[in-house]
Amino acid sequence: MASTNLTATTSPFHWKYLSEGAATIVFTYTGPPNECFHDKVLRVRKGAAPEDEQNSVLFQTKIISRLLPQEHLVNVEQVSLLSKSWLETLANLCAEKRPKWRTDSIDLSRNKGLLAPNLVLCPISVEIKPKWSFLKPQTTQACRFCMHAACRGRATSYCPLDLFSSSPARVKKAIYALYDCWAAGDPAQNNFRLFINGMVSPPGTHNLQAILQRSGILSDPPILGEGELRDLVVETLHSVLVQPKAFSLLKTLNCLQRTLDGVGIQRLASLWTKVHEKSSLNSIPSFGQGCLQPTTDDWHSFVNEYLKRQNGPLPHTSNEESALQYQLLSYLLSATFKDCSIMIMLPGLLFEDKSELSTFSPRITVIDLDTKPIHSLQKWIDQDFDIVQKYSEFKDNEKKQCSDDWDLQHLQ
Ligand SMILES: O=P(O)(O)O[C@@H]1[C@@H](OP(=O)(O)O)[C@H](OP(=O)(O)O)[C@H](O)[C@H](OP(=O)(O)O)[C@H]1OP(=O)(O)O
Ligand SMILES: Nc1ncnc2c1ncn2[C@@H]1O[C@H](COP(=O)(O)OP(=O)(O)OP(=O)(O)O)[C@@H](O)[C@H]1O
């Protein structure tokens with residue numbers, strides 16, 4: 001099916017830089033009224049990625065929708081970007097707005113992008129990138145996120161296991177930690193983003209009181225001080241996240257991450273070696289080398305089997321090759337859920353009457369649900385080795401004890 005040619009119907013000046021991740025830059029439409037682009041964002045890829053946009057749309061609409069409730073997903077649609085000079089202008093226009101530490105740029109060789117609903121349209125929206133929700137069995141007492149943060153020298157008291165906990169007090173602790181880390185201003189922190197009137201508020205560069213006053217959301221002189229605003233943001237988010245729908249979404253994400261992680265990256269790499277020792281006459285290929293990126297059909301078959309296994313154990317198979325194939329796809333899919341973000345529109349944030357907090361129904365959407373490239377397997381095993389190794393060199397009193405209450409939740 002032919003997709004809209006965005007470069008013929010809009011000007012690059014109509015698209016304003018919103019935000020970005022490692023793989024894509026996202027723009028909001030600010031041009032003349034146009035029902036195709038009104039309330040939409042454009043997502044354009046940076047470096048070369050194996051996936052084309054059509055596969056990305058299929059993955060989200062046909063595969064992810066079997067695993068996450070539809071109400072937390074958005075419809076994405078492919079658009080054509082047929083003019084290289086249009087993309088070049090867009091890249092130049094956004095250069096100033098981008099974080100200085102992002103040195104890559106739009107991939108000008110791509111002629112497709114994605115359109116998605118703009119999820120930061122209401123006065124105040126929040127993005128949380130929760131990361132890994134579970135403690136690896138039989139390993140250290142610190143979770144992967146906390147170990148990684150410590151190894152990267154990132155000061156944060158945020159632990160995803162608090163956010164995914166069934167204890168409301170721990171969820172609140174996680175939100176305070178996310179907010180405080182944002183307020184402290186590490187420009188590379190990406191676990192919490194705040195959007196005011198559709199624009200991202202860079203971490204720590206201003207105080208929230210000033211931002212809200214400038215945007216007309218908070219009166220002048222302000223009725224709330226900085227500390228009260230911090231509490232209000234945290235309380236509001238907390239009331240959203242402990243509501244049944246959000247709680248259930250977090251539980252689903254948690255379950256997907258931990259069950260799809262399967263045997264874990266180390267044992268998966270051992271299985272890889274074992275299978276290739278038997279079958280290779282020459283040397284063993286590096287982890288994932290020679291594997292093709294799964295197709296939509298491969299993902300369908302995988303999810304069929306995964307869902308069957310979730311409903312009870314399947315008869316044991318001694319075929320190591322098919323076990324390896326299953327575990328490779330499983331790990332690849334777990335990586336998508338370990339790296340996704342949750343967008344939360346907070347329409348009721350500044351209600352004078354706090355009782356409204358418990359009644360409004362905010363929109364919660366999961367984004368960044370792309371497939372990860374299969375060639376990342378080698379990166380992941382190296383990274384895992386590095387993190388575990390570096391973290392083991394920390395002094396005992398610098399090491400964290402993260403608490404995973406998943407089993408407890410399931411005994412209740
Ligand atoms: O490996 P991690 O846990 O650091 O995650 C990477 C993210 O780093 P983070 O820890 O969130 O700062 C990283 O995010 P940033 O660039 O740090 O914003 C990407 O999301 C990366 O994914 P991909 O390479 O674009 O597919 C992520 O890589 P994958 O592990 O998902 O491949
Ligand atoms: N539909 C949307 N509405 C509003 N903002 C969005 C939307 N989609 C993405 N964003 C913003 O753009 C950022 C980058 O998008 P996304 O996370 O999909 O990119 P990515 O490069 O794949 O990220 P990552 O580095 O996590 O892999 C998001 O973190 C979010 O701030």
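Both ligands and their constituent atoms are indexed starting at 1 by order of listing. Quick note: numbers below take in every heavy atom, side chains included, and nothing from hydrogens, waters or symmetry partners.
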Test item: Cys94 and Lys16 side chains (from C-beta on) under 4.5 Å apart, heavy atoms: no
Aromatic ring pairing Trp132/Phe134, orientation class (parallel under 30°, perpendicular over 60°, tilted between): parallel
Mode of Ile367 contact toward ligand 2 - side chain, backbone, both, neither (heavy atoms, under 4.0 Å): side chain
Which segment of Glu20 sits under 4.0 Å of ligand 2 when only heavy atoms are counted: backbone
Ligand 2 versus Leu18: contacting region, heavy-atom distance under 4.0 Å: side chain
For Lys131, the option from Asp162, Asp368, Asp339 that meets salt bridge (charged side-chain N to carboxylate O under 4.0 Å, His left out): Asp339
Contacts of Asn75 that satisfy side-chain hydrogen bond (donor to acceptor under 3.5 Å, both in side chains) - sequence neighbours left out: none
Shell of residues surrounding ligand 1, defined by a 4.0 angstrom heavy-atom cut-off that is strict: Ala22, Ala23, Arg102, Lys129, Lys131, Arg144, His148, Arg152, Arg154, Asn190, Asp339, Lys372, Lys379, Trp380, Gln383
Identity and separation of the nearest protein heavy atom to atom 23 (O) of ligand 2: Asp368 OD2, 3.0 Å
Within-shell test, Lys46 vs ligand 2, heavy atom, strictly < 4.0 Å: no
Residue part near ligand 2, for Thr24, under 4.0 Å between non-hydrogen atoms: both
Those residues that, when tested against Asp39, pass side-chain hydrogen bond (donor to acceptor under 3.5 Å, both in side chains) (two or more places apart): none
Evaluation steps, side-chain hydrogen bond (donor to acceptor under 3.5 Å, both in side chains), between Gln389 and Glu393: CA-CA 7 Å; Gln389 173 64 31; Glu393 290 162 13; 3.0 Å; yes
Closest protein heavy atom to atom 30 (C) of ligand 2, given as residue, atom name and distance to 0.1 Å: Glu127 OE1, 3.0 Å
Backbone of Gln289 reached by a side-chain donor or acceptor of Ser286 within 3.5 Å: no
With Lys40 via side-chain hydrogen bond (donor to acceptor under 3.5 Å, both in side chains) - residues at least two apart: none
Interfacing atoms of ligand 2 (cut-off 4.0 Å, heavy-atom, Ala22): 21 (O), 23 (O), 24 (P), 25 (O)
Protein heavy-atom partner closest to atom 3 (N) of ligand 2 - residue, atom, separation in Å: Leu119 N, 3.0 Å
Plane angle bin for Phe37 and Tyr29 - parallel if under 30°, tilted between 30 and 60°, otherwise perpendicular: tilted
Minimum side-chain heavy-atom gap Asp370-Phe59 below 4.5 Å: no
Ser341: which of Arg193, Glu127, Lys129 passes side-chain hydrogen bond (donor to acceptor under 3.5 Å, both in side chains): Glu127
Atoms in ligand 2 flagged as close to Phe195, the criterion being non-hydrogen separation under 4.0 Å: 31 (O)
For atom 12 (O) of ligand 2, the protein heavy atom that lies nearest, with its residue and separation: Val26 CG2, 3.3 Å
